[in-house]
Number of protein chains: 2
Amino acid sequence: MLSKKTKYGLKALTYLASLETREPVQIAEIAKHENISQKFLESILLTLRRNGFLGSKKGKGGGYYLIKEPEDILMTAVMRVLEGPIAMVPCVSLNFYEKCADCPDENKCSVNKLMLQVRDSALEVYRNNTLADLIS
Amino acid sequence: MLSKKTKYGLKALTYLASLETREPVQIAEIAKHENISQKFLESILLTLRRNGFLGSKKGKGGGYYLIKEPEDILMTAVMRVLEGPIAMVPCVSLNFYEKCADCPDENKCSVNKLMLQVRDSALEVYRNNTLADLIS
DNA sequence: TATTACCCTATCGTTTTTGTAGATTTATAT
DNA sequence: ATATAAATCTACAAAAACGATAGGGTAATA
């Protein structure tokens with residue numbers, strides 16, 4: 001299941017990308033337009049800023065704005081920041097690898113074998129989509 | 001994240017498929033061989049039986065056994081029973097469809113657009129793998 | 001009578017999602 | 001300059017949902 005954090009984050013990014021301007025947009029406006037709990041969105045935008053996707057400006061006339069062109073924002077990067085690992089099990093994760101506690105031999109593990117394929121296919125989708133591709 | 005339920009279920013199925021015999025195998029043996037909590041496995045095997053993957057026999061010499069050939073057990077079916085929807089959001093699910101509470105128009109939703117592709121790519125993997133393919 | 005699957009329930013721990021309360025920064029009007 | 005209003009930032013906390021596991025009793029079968 002996709003977490004609401006990721007869902008809301010994606011929606012917020014898409015909304016910002018869809019605007020003509022790159023001037024700061026207030027949290028309240030984004031939250032209202034996308035039907036998102038404002039306080040929750042606040043923390044999501046914060047992590048997007050900390051990870052280099054958004055810039056922010058405090059005080060009156062402040063808000064959040066895209067820091068890169070939508071064409072340059074890959075879904076692999078967005079998903080990893082918001083949702084975490086793309087792989088469904090740590091033992092096939094590229095960026096968050098961990099050995100399974102059970103499972104004596106990864107190469108003979110059926111779960112590993114299947115989830116490796118799933119990871120690769122998901123990865124291909126995320127690599128082929130930038131933020132610009134999600135705007136209709 | 002893949003639930004342990006699914007992980008354990010897949011391992012149990014693979015173990016049964018890897019055996020020469022189709023005679024009943026006790027829960028304890030499966031649990032021990034795959035390093036799984038026996039009590040947890042118990043409930044997993046039960047749902048696999050209720051969904052037509054396994055047969056069972058009570059009493060001495062009882063246990064669980066495969067009811068179909070490994071070649072005829074598709075991962076799409078196994079995943080849907082153990083993990084639930086293959087889609088990451090209900091609004092792109094084939095078997096568990098649900099409209100999003102927010103989101104006025106699915107066709108214009110960026111999350112929908114992306115997750116539709118992810119679903120299709122995962123589906124292709126699951127369709128191309130039977131239980132027989134997971135045995136090494 | 002022993003063995004094994006079946007079934008129900010309770011519990012513990014973690015993660016997700018949301019809410020509360022304030023502190024800090026900035027633009028603007030007076 | 002000063003006050004005011006408008007924002008983001010920070011830190012908790014709590015509630016809700018979910019995942020994983022354990023315990024104990026029942027029913028079927030050799």
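Each chain gets a letter, A, B and so on, in the order the sequences are listed, and its residues count up from 1.
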- Message: Hydrogens and angles aside, do B:Glu83 and B:Ser3 bring a side-chain donor and acceptor to less than 3.5 Å of each other?
- Response: yes
- Message: On DNA chain C, does the nearest nucleotide to A:Tyr8 precede the nearest nucleotide to B:Leu45 from the 5' side, or the other way round? Give the residue.
- Response: B:Leu45
- Query: Please give, in whole Å, the distance from D:dA16 P to A:Lys4 NZ?
  - Reply: 14 Å
- Message: Among residues 28-42 of chain A, which ones have heavy-atom contacts with DNA chain D below 4.0 Å?
- Response: A:Lys39, A:Glu42
- Main-chain N/O of B:Pro90 paired to B:Ser93 side chain as donor or acceptor, under 3.5 Å: no
- Query: Phosphate oxygens OP1/OP2 of D:dC9: is one of them under 4.0 Å from a side-chain N or O of A:Arg49?
  - Reply: yes
- Query: Below 4.5 Å, heavy atoms only, C-beta onward: do B:Ile135 and A:Lys113 meet side chain to side chain?
  - Reply: no
- Message: I want to check something: taking the side chain as every heavy atom from C-beta on, are A:Asn35 and A:Lys11 in contact at a cut-off of under 4.5 Å?
- Response: no
- Message: Taking atom CD as the centre, does A:Glu124 end up with more than 12 heavy-atom neighbours from other residues, nucleotides or ligands that are less than 6.0 angstrom away?
- Response: no
- Taking the side chain as C-beta and beyond, is there a heavy-atom pair between B:Leu13 and B:Leu134 under 4.5 Å? no
- Query: Hey, is the side chain of B:Arg50 poking within less than 4.0 Å of OP1 or OP2 on C:dA5, counting only N and O atoms?
  - Reply: no
- Query: Side-chain N or O of A:Ser3 less than 4.0 angstrom from OP1 or OP2 on C:dT15?
  - Reply: no
- Item | A:Lys39/A:Glu42 ion pair, N-O < 4.0 Å | yes
- Take atom CE of B:Met1 and atom P of C:dG13, then tell me their distance rounded to the nearest Å. 21 Å
- Whole-Å distance separating the CG atom of A:Leu46 from the P atom of D:dA11: 10 Å
- Would A:Lys99 and A:Glu106 count as a side-chain contact (heavy atoms from CB on, under 4.5 Å) if you check the C-alpha gap in whole Å, the side-chain angles of each, and the deciding distance to 0.1 Å? CA-CA 8 Å; A:Lys99 192 181 179 321; A:Glu106 261 171 31; 4.1 Å; yes
- Query: Is the side chain of A:Arg119 donor-acceptor paired with the backbone N or O of A:Val92 at a distance under 3.5 Å, no angle test?
  - Reply: yes
- Would you check, one step at a time, whether the test side-chain contact (heavy atoms from CB on, under 4.5 Å) holds for B:Ser37 with B:Lys4? CA-CA 10 Å; B:Ser37 146; B:Lys4 296 209 171 177; over 6 Å; no
- Item | Contact list for DNA chain C against residues 81-101 of chain B - heavy-atom distance below 4.0 Å | none
- Could you run down nucleotides 2-7 of chain D 5' to 3' and tag each one B, S or - for protein heavy-atom contact under 4.0 Å? ----BS
- Query: More than 12 foreign heavy atoms under 6.0 Å from CD of B:Glu29: is that the case here?
  - Reply: yes
- Note on the structure: From OH of A:Tyr64 across to P of C:dT26 the rounded distance in Å is 14 Å
